[in-house]
Amino acid sequence: MPPVVDARRSALSIAQRQFDAAADALGLEDSVRKVLREVKRELVVHFPVEMDDGSFRLFTGFRVQHNIARGPAKGGLRFHPGLTLDDVRALAMYMTWKTAVVGLPFGGAKGGVVCEPRSLSDNELERLTRRFTTEISLIVGPDRDIPAPDLGTDAHVMAWIMDTLSMHAGFSVPASVTGKPTSIGGSEGRYTAPGRGLALVTLQAMRDRGIDPSGATVAIQGFGKVGSVSAQVLAESGMTIVAVSDSRGGVHRSGGLDVESLIALRDEGGRVSEYGGGDRVTNEELLELDVDVLVPAATEAQINAHNAPAVRARVIAEGANAPLDPDADAILNDRGALILPDILANAGGVVVSYLEWVQDQQAYFWAAGEVNARLREVMVRSYQQVAARASERGLPLRAAAMELAVDTVAQATAVRGIYP
Ligand code: NAD
């Protein structure tokens with residue numbers, strides 16, 4: 001059974017409060033507000049998987065679509081032992097705002113399975129993925145809802161999903177999922193897109209604020225797909241990565257860490273805290289380091305009322321979804337930190353997922369340079385639109401991004417009208 005949700009800490013209620021603030025500021029009509037405040041469609045599935053020892057285990061999975069007024073639903077699949085339906089609803093809502101803020105013709109969705117993927121063998125993971133895909137095939141597909149990787153899932157999982165949906169159809173349906181290997185219709189630059197997009201927005205925002213990126217210090221929590229690529233691109237831009245961590249803790253070196261060695265260590269199955277070229281730090285200590293830029297790129301609510309007063313970074317670039325809870329957001333805004341909100345800062349992944357879907361539909365593929373140039377154009381333009389609204393209205397970037405996104409989705413919802 002999935003864990004019971006504590007109503008006071010419900011991720012959905014936090015997402016709804018953020019939506020309410022944007023809806024109030026926009027003076028949103030009541031009918032549209034009621035629609036956008038809830039998710040449109042949710043599927044909960046319980047399904048058996050045969051384990052390698054011949055026993056069967058029952059797993060629970062979810063696929064939730066928040067809004068599809070502007071196009072097919074889009075969002076990742078998370079394999080995580082603590083996943084709840086409440087989390088998935090909130091993350092689906094964030095996806096609607098994320099696709100809107102960067103101007104993609106998609107709605108928002110999220111899904112996943114309550115499981116610890118690292119405790120499953122490759123064969124068990126494949127059987128789980130294929131059976132879960134079959135269960136959610138009722139509502140997913142290239143014109144309806146297109147999954148992608150998230151925490152605990154990767155390109156290989158996406159390949160199994162694409163193959164399962166293609167077997168059902170009787171022909172290859174590459175546009176049914178994004179984040180696939182390039183050999184089956186994946187896009188160049190998809191793996192690096194969330195980290196690259198985050199770095200592009202961070203660099204642009206720092207230049208706007210008159211902060212010289214060259215030599216600026218960075219601490220990164222989470223050294224997965226988002227955190228490690230952000231580290232690479234920020235280091236290539238002249239910044240000094242002084243600390244990184246994974247779920248077991250991190251490493252700190254004030255003179256700078258060698259990002260490529262850390263990636264090699266991780267890829268060999270090591271933990272970044274085992275890296276010899278620096279001092280060990282806990283995840284709590286990493287968040288409180290005196291750095292120019294902090295990139296929380298692990299999970300939700302890592303910064304909260306308890307630790308926010310100790311966070312010293314000037315710029316906080318949200319790699320994870322909702323890594324700051326609303327109390328932390330208020331505390332850090334009050335002390336003048338520049339917070340680059342998740343729906344903008346980590347949107348690079350969904351931007352290149354969109355480019356992958358477009359390439360699959362047209363069966364014509366672009367080189368990495370073309371994909372990265374399009375990503376840059378979308379990220380910089382979206383940042384500038386959000387920054388312009390923030391300065392016109394005297395708002396933090398998160399409020400400005402939410403208002404732009406909610407306004408876009410509300411207009412699409414209103415102009416289509418309420419059926420029948
Ligand atoms: P990943 O599974 O590749 O990596 C996650 C990393 O975070 C790992 O290093 C893991 O050890 C670490 N971690 C997990 N829990 C932690 C904790 N409590 N403290 C410190 N480290 C912890 O996942 P990812 O794709 O890099 O995603 C990271 C975050 O970014 C998630 O919140 C995800 O929703 C978000 N995100 C991912 C994408 C994408 O396309 N991959 C896009 C946008 C946002």
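Indexing begins at 1, ligand by ligand and atom by atom, following the structure's order.
- Ligand 1 has no nitrogen or oxygen under 3.5 angstrom from a nitrogen or oxygen of K98.
- Salt-bridge annotation for K180 and E356: present, with a side-chain N of the basic residue lying under 4.0 Å from a carboxylate O of the acidic one.
- Note on ligand 1: R78 sits in its first shell, one or more heavy atoms being nearer than 4.0 Å.
- A salt bridge does not link R312 to E288: none of the charged side-chain nitrogens sits closer than 4.0 Å to a carboxylate oxygen.
- Of the possible polar contacts, one joining the T153 side chain to the L77 backbone as a donor-acceptor pair under 3.5 Å is found.
- In this structure, the protein non-hydrogen atom closest to atom 6 (C) of ligand 1 is G224 N, 3.7 Å.
- A salt bridge is defined here as a Lys NZ or Arg NE, NH1 or NH2 lying under 4.0 Å from an Asp or Glu carboxylate O, and D20 with R37 meets this definition.
- Here R190 has side-chain heavy atoms under 4.0 Å from ligand 1, and that is the only part of it that gets that close.
- Shown in contact with N283 at under 4.0 Å from a heavy atom are these atoms of ligand 1, numbered in order with element: 19 (N), 20 (C).
- At a 4.0 Å heavy-atom cut-off, ligand 1 does not touch E300 at all.
- In this structure a side-chain-to-backbone donor-acceptor pair under 3.5 Å is present from N333 to D329.
- Salt bridge annotation for D246-R266: absent, with no cationic side-chain nitrogen under 4.0 angstrom from a carboxylate oxygen.
- Only the backbone of A297 comes within 4.0 Å of ligand 1, counting heavy atoms alone; no side-chain atom from C-beta on gets that close.
- D52 and N123 are not linked by any side-chain donor-acceptor pair at a separation below 3.5 angstrom, with hydrogens and angles left out of the test.
- In terms of N/O distances under 3.5 Å, ligand 1 is not approached by N346.
- For a threshold of 3.5 Å applied to N or O pairs, the pair formed by A298 and ligand 1 contains at least one separation below that value.
- When non-hydrogen atoms are compared, ligand 1 lies under 4.0 Å from the side chain of P194 (C-beta onward) but not from its backbone.
- Nearest protein heavy-atom neighbour of atom 3 (O) of ligand 1: K225 N, 2.9 Å.
- Between R398 and E318, at least one side-chain nitrogen of the basic residue sits less than 4.0 Å from a carboxylate oxygen of the acidic one, meeting the salt-bridge criterion.
- The shortest N or O to N or O distance between S247 and ligand 1 is below 3.5 Å.
- A salt bridge does not link D145 to K74: none of the charged side-chain nitrogens sits closer than 4.0 Å to a carboxylate oxygen.
- Just one residue in the list R374, E188, R190 forms a side-chain contact (heavy atoms from CB on, under 4.5 Å) with L355, and that residue is R374.
- For the pair F223 and ligand 1, the shortest N or O to N or O distance falls below 3.5 Å.
- Atoms of ligand 1 found under 4.0 Å from any heavy atom of G319 (numbered from 1 in listed order, with element): 30 (O), 35 (C), 36 (N), 44 (C).
- Inclusion of V226 in the set of residues having an N or O under 3.5 Å from an N or O of ligand 1 is warranted.
- Interface atoms of ligand 1 facing G152, defined by a heavy-atom separation under 4.0 Å, are 2 (O).
- Some N or O of D150 is nearer than 3.5 Å to an N or O of ligand 1, by distance alone.
- For the side-chain contact (heavy atoms from CB on, under 4.5 Å) with L294, the qualifying choice from V311, I220, V218 is V311, the only one to do so.
- A side-chain N or O of S353 and one of T178 form a donor-acceptor pair less than 3.5 Å apart.
- At a heavy-atom distance under 4.0 Å, no atom of R248 approaches ligand 1.
- With hydrogens left out, the protein atom closest to atom 7 (O) of ligand 1 is G222 CA, 3.5 Å, a heavy atom.
- Residue, atom and distance of the protein heavy atom nearest to atom 23 (O) of ligand 1 are L151 CD2, 3.4 Å.
- A salt bridge does not link K98 with D342: none of the charged nitrogens is closer than 4.0 Å to a carboxylate oxygen.
- Ligand 1 has no atom lying under 4.0 Å from any heavy atom of E318.
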